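Contents: one structure, followed by commentary.
In this text, all values refer to a predicted model and were calculated from it rather than measured experimentally. Protein chains get the first letters and strands the later ones, always in sequence-line order, with residue 1 at the start of each.
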2 protein chains.
Amino acid sequence: MSEGVEWAMHSCLNLAWLDSDEAMTAARLAAFYDLPPAYLNKQLQALARAGILTSTPGPRGGFRLARPLEQITLLDVVTAIEGPGDAFRCEQVLRKGPEGRDDVDYRKSCFISQAMRQAELAWRKELAGQTLADIKAKVERASPGTPRATREWFARRRS
Amino acid sequence: MSEGVEWAMHSCLNLAWLDSDEAMTAARLAAFYDLPPAYLNKQLQALARAGILTSTPGPRGGFRLARPLEQITLLDVVTAIEGPGDAFRCEQVLRKGPEGRDDVDYRKSCFISQAMRQAELAWRKELAGQTLADIKAKVERASPGTPRATREWFARRRS
DNA sequence: GCCCGTTTACTCGGATACCAAATGTCCGAGTGGTCCGGG
DNA sequence: CCCGGACCACTCGGACATTTGGTATCCGAGTAAACGGGC
């Protein structure tokens, strides 16, 4: 799985801890975790394309959350970065076998494919069951100073 | 996910349909689905290292199942091919943050990491809940001629 | 005919190329702020 | 002092390198069978 998933989730949390009326630059968000700025920008673009963030160019521009964290599941973020395809992609090897037929979609009929799909479905269900708001609440419960510290760090780095 | 997982599972099923007292060559198993022989050999080696297959060199050598299908879960095959690592590998980006500490294992404490791990756990649980014997039974129920046809195909290709 | 040593052909196993995708970087289009001149 | 326009700095967005891992291939070590000669 791509590295950008982790970056995207943490950056979304940071965005949630900032005043939502001001946009945050990709460069600032990258500096917070010492990440390559241009590459994080690429990931944030993916989030924007997925409708999770909104992007505004020009001075005072940047990224901000497109909707409240309660409406952003972990699956949303993963899908935005990794794409909608399944991790296990059935290449329909049965078609090349001696009994293979061209008019059959083995992604549906092959029992191995079905089992793998079922497992990924369980994975997706778990991810869809947790929102970033849940994560945010857990973090604030474990270390209540995080929101204030994060805001202050970005304010100090405004220079 | 690697292509080899699909190849490995189908090849294990084919091995199960053959007389288990004779080993089957990687080249024959590859020819059944028109796969690159040397590359399938590589995947079968991984299965052998994982203890799923046993390999014997020399003439009349090849691969055979190391244990009955009932004791081979889909997770076993996936782990053998993909390795034991998680798909989502937490790079502990929090450590590089302003509040990051070197003596903390963020793979354990980070709530994002926990959530992703929980989802993968559900995925693994689904895979571990199904054995190749279950798949084999489903196939034989859907198309009972498969075992005989497979045996005959390999017998005909013995030349 | 039977046994044993040699040859031989066949298999896995790992070392070696190749290629696609993830990772990382750079520059241009576009926007909003800012500054300056005029009223 | 207030307003309008031009300039400018800043940001995203996509196009362009680089590196890593998956894909594919080839050749050697080792083994068991087969063969031939001797008893």
Query raised in the report: What's the verdict on side-chain contact (heavy atoms from CB on, under 4.5 Å) for B/Trp17 and B/Lys136, showing C-alpha distance, side-chain angles and the deciding distance?
Result: CA-CA 9 Å; B/Trp17 281 319; B/Lys136 175 165 172 283; 3.4 Å; yes
Query raised in the report: Can you check the A/Glu22 CD to C/dG32 P distance for me, whole Å?
Result: 17 Å
Query raised in the report: Could you state the CD-P distance from B/Glu91 to C/dA22, rounded to the nearest angstrom?
Result: 16 Å
**Report entry** 5' precedence on DNA chain D between B/Pro37 and B/Glu82 (nearest-nucleotide basis)
**Finding:** B/Glu82
Query - Nucleotide D/dG21, atom C1' - distance to CE of A/Met1 in whole Å - result: 16 Å
Query raised in the report: How close or far is atom C1' of C/dA22 from atom NZ of A/Lys42, stated in whole angstroms?
Result: 10 Å
Query - Intermediate values then yes/no, side-chain contact (heavy atoms from CB on, under 4.5 Å), A/Leu29 and A/Asn41 - result: CA-CA 9 Å; A/Leu29 289 168; A/Asn41 185 24; over 6 Å; no
Query raised in the report: For A/Glu6 and C/dT23, what is the distance between atoms CD and P respectively, to the nearest whole Å?
Result: 11 Å
Report summary line: Sequence neighbours excluded, the answer for side chain to side chain contact (heavy atoms under 4.5 Å, CB included) partners of B/Ala149 is A/Glu99
Query raised in the report: Over how many whole Å does the gap from B/Gln43 atom CD to C/dG14 atom P extend?
Result: 14 Å
Query raised in the report: Using 30° and 60° as the class limits, which term best fits the ring planes of A/Phe32 and A/Trp153: parallel, tilted or perpendicular?
Result: perpendicular
Requested in this report: Grab the CG-P distance between B/Leu40 and D/dG22 for me, whole Å please.
Outcome: 17 Å
Report summary line: Atom CD of A/Glu3 and atom P of D/dT20 are separated, to the nearest Å, by 14 Å
Query raised in the report: Going hydrophobic residue to hydrophobic residue with side-chain gaps under 4.5 angstrom, can you get from A/Ile112 over to A/Val104?
Result: yes
Requested in this report: Under the salt bridge (Lys or Arg N to Asp or Glu O under 4.0 Å) rule, collect the residues that match up with B/Arg148, sequence neighbours excluded.
Outcome: B/Glu152
Nucleotides 7-13 of chain D: which of its N/O atoms have a protein N/O under 3.5 Å away?
unit_1: D/dT11; atom_1: OP1; unit_2: A/Thr25; atom_2: OG1; d: 3.3
unit_1: D/dT11; atom_1: O4'; unit_2: A/Gly58; atom_2: O; d: 3.1
unit_1: D/dC12; atom_1: OP1; unit_2: A/Ala26; atom_2: N; d: 3.2
unit_1: D/dC12; atom_1: O3'; unit_2: A/Ser55; atom_2: OG; d: 3.4
unit_1: D/dG13; atom_1: OP1; unit_2: A/Ser55; atom_2: OG; d: 2.5
unit_1: D/dG13; atom_1: OP2; unit_2: A/Ser55; atom_2: OG; d: 3.2
unit_1: D/dG13; atom_1: N7; unit_2: A/Asn41; atom_2: ND2; d: 3.2
unit_1: D/dG13; atom_1: N7; unit_2: A/Gln45; atom_2: NE2; d: 3.2

